[in-house]
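Report on the structure given below.
Letters A, B, ... are given to chains in the order of the sequence lines, protein chains preceding strands, and every chain is numbered from 1.
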There are 2 protein chains.
Amino acid sequence: MLTISKENYLKAIYKHREGENLPVPASYIADELQVSNAAISKMAKTLSNKGLLEYQKHKGVRLTDEGEKFALKVIRRHRLWELFLINVLGLTWAEVHDEAEKLEHSTSEFLINKMDKFLGFPKFDPHGSPIPDRNGKLPELPSVLKMSECEAGKTYRVARVQDGDSQLMKYLTRIGINLNTEITILEKFSFDHSINVEMKGHHYLLSEKVVDRIWVADE
Amino acid sequence: MLTISKENYLKAIYKHREGENLPVPASYIADELQVSNAAISKMAKTLSNKGLLEYQKHKGVRLTDEGEKFALKVIRRHRLWELFLINVLGLTWAEVHDEAEKLEHSTSEFLINKMDKFLGFPKFDPHGSPIPDRNGKLPELPSVLKMSECEAGKTYRVARVQDGDSQLMKYLTRIGINLNTEITILEKFSFDHSINVEMKGHHYLLSEKVVDRIWVADE
DNA sequence: ATACAAATTTAACCATGGTTAAAATAAAAA
DNA sequence: TTTTTATTTTAACCATGGTTAAATTTGTAT
Ligand SMILES: [Mn+2]
Ligand SMILES: [Mn+2]
Ligand SMILES: [Mn+2]
Ligand SMILES: [Mn+2]
């Protein structure tokens with residue numbers, strides 16, 4: 001069994017690339033986990049000695065197959081917990097991430113499989129992120145694009161949002177953005193990358209920070 | 001927030017006395033937490049400096065009011081999790097303790113209160129142990145006696161069992177002992193403290209180890 | 001009262017996962 | 001190509017929560 005710290009490192013590394021296995025720079029991990037760069041260098045060695053990372057000095061780290069397996073386990077637990085807390089206990093979009101961040105390290109394989117079954121073997125979590133199955137296999141991903149790359153004039157459907165920032169989640173809830181919400185792009189402003197949209201009869205000017213954290217699909 | 005270790009220490013100390021606030025010997029805690037006596041001495045100082053324990057060398061430790069408050073919070077989380085896992089996910093009597101032992105340290109006040117409400121503010125956990133409410137108040141305890149102190153010839157109802165040993169829990173399940181099971185004491189053997197009982201038409205010889213971990217009430 | 005045994009505490013040590021400050025390396029600019 | 005800046009690594013240090021072995025205290029028998 002890995003420690004909580006090690007699980008968080010592997011998850012952070014996986015999240016950065018999510019798909020392609022490109023080297024992840026130390027500073028990204030440091031930022032994500034809120035620790036110093038020095039801590040990353042040290043842990044990179046440790047995890048690399050355990051065979052979970054490929055690590056060459058000054059070249060960032062990459063997950064080995066073994067490392068990826070562990071990362072996917074943690075992500076599976078995280079995402080199943082988020083869905084479970086919403087479906088069963090009625091928590092909100094904005095509330096589940098922080099709870100899942102802790103529960104993901106205290107959940108046995110046995111328990112998470114029970115939860116998975118209870119939920120009907122879901123393929124996506126409440127933020128639209130894919131849930132690895134018990135073998136670590138991800139579902140086929142729908143084709144999505146970042147809202148910042150949308151075409152003006154077209155209408156899209158929200159397919160995924162970046163969770164983790166509960167402020168952002170509250171804001172989205174507040175203005176009524178949820179998974180599958182239909183949004184029409186009215187105008188894109190290149191000087192600050194904000195986007196003017198129409199949604200349920202209302203107009204909103206969404207800042208760069210927001211449109212960079214929402215993925216949409218053709219309706 | 002306390003660390004996982006500190007939460008476990010406080011819980012272990014509370015569990016030893018469960019009611020009267022008598023000093024708890026170091027060796028009991030060491031045994032319960034599977035650490036050395038030396039670790040207990042050190043932690044006793046630490047927790048006493050934090051105002052959670054009264055500690056005088058060679059005289060054991062006692063929880064302060066503050067310490068007891070924290071212990072009860074951990075116990076609340078533990079017992080609510082056990083009930084939740086049985087009621088919602090269908091885990092068994094024998095399975096829940098170990099899961100709860102980990103989840104109890106990763107559950108926010110917010111989440112545990114949601115669970116409490118979801119379960120209908122239960123007063124007892126699946127093993128018959130009382131659940132502290134959100135203010136740390138315990139329900140009134142039913143009058144029970146240890147099975148080892150029962151009278152031959154009388155019939156009792158199982159009111160509480162000591163969880164924590166999953167082997168024991170499996171054994172009890174195996175022979176059909178559950179909360180509220182009716183048991184008639186046939187004969188007590190003083191030479192090894194075993195007891196011969198009748199239950200659902202079957203006879204069983206229960207060892208001292210077993211009868212010492214079951215509490216019953218008059219039917 | 002003395003000796004012995006048991007329980008407890010101290011001392012010295014260790015692994016883990018952090019920190020800050022300095023050194024080294026890589027990348028970007030001049 | 002040289003200089004400057006940004007990133008990463010190393011070094012020295014620290015807190016936490018463990019360990020074992022030795023010393024101390026307490027309780028029990030003689
Ligand atoms: Mn999340
Ligand atoms: Mn986490
Ligand atoms: Mn339990
Ligand atoms: Mn525990």
Original post:
Can you check whether B/Ser36 has a side-chain N or O nearer than 4.0 Å to OP1 or OP2 of D/dT20?
Top reply: no
**OP:** Classify the angle between the aromatic ring planes of A/Trp93 and A/His127 as parallel (below 30°), tilted (30 to 60°) or perpendicular (above 60°).
**Re:** parallel
Original post:
So does A/Thr3 get a side-chain nitrogen or oxygen closer than 4.0 Å to the phosphate oxygens (OP1/OP2) of C/dG17?
Top reply: yes
Subject >> Rounded distance in Å - OH (B/Tyr9) to P (D/dG17) >> reply: 8 Å
Subject >> Distance below 4.0 Å between A/Ser41 side-chain N/O and D/dT8 OP1 or OP2 >> reply: no
Subject >> B/Lys45 side-chain N/O to C/dT10 phosphate OP1/OP2 under 4.0 Å >> reply: yes
Subject >> Check: A/Trp215 and A/Gln162 side chains under 4.5 Å, non-hydrogen atoms >> reply: yes
Original post:
Considering residues, nucleotides and ligands other than B/Glu208, do more than 12 of their heavy atoms fall under 6.0 Å from its CD?
Top reply: yes
Original post:
Under 4.0 Å: is that the gap between some side-chain N or O of B/Tyr55 and OP1 or OP2 of C/dT8?
Top reply: no
**OP:** Would you tell me if any nitrogen or oxygen in the side chain of B/Thr46 comes within less than 4.0 Å of OP1 or OP2 on D/dT16?
**Re:** no
**OP:** Would you mind reading off the distance between A/Lys6 atom NZ and C/dG18 atom C1', rounded to a whole angstrom?
**Re:** 12 Å
Subject >> Closest-nucleotide ordering on DNA chain C, the 5'-leading residue of B/Lys57 and A/Gln34 >> reply: B/Lys57
**OP:** Quickly work out the B/Asn37 CG to D/dA21 C1' distance and round it to whole Å.
**Re:** 13 Å
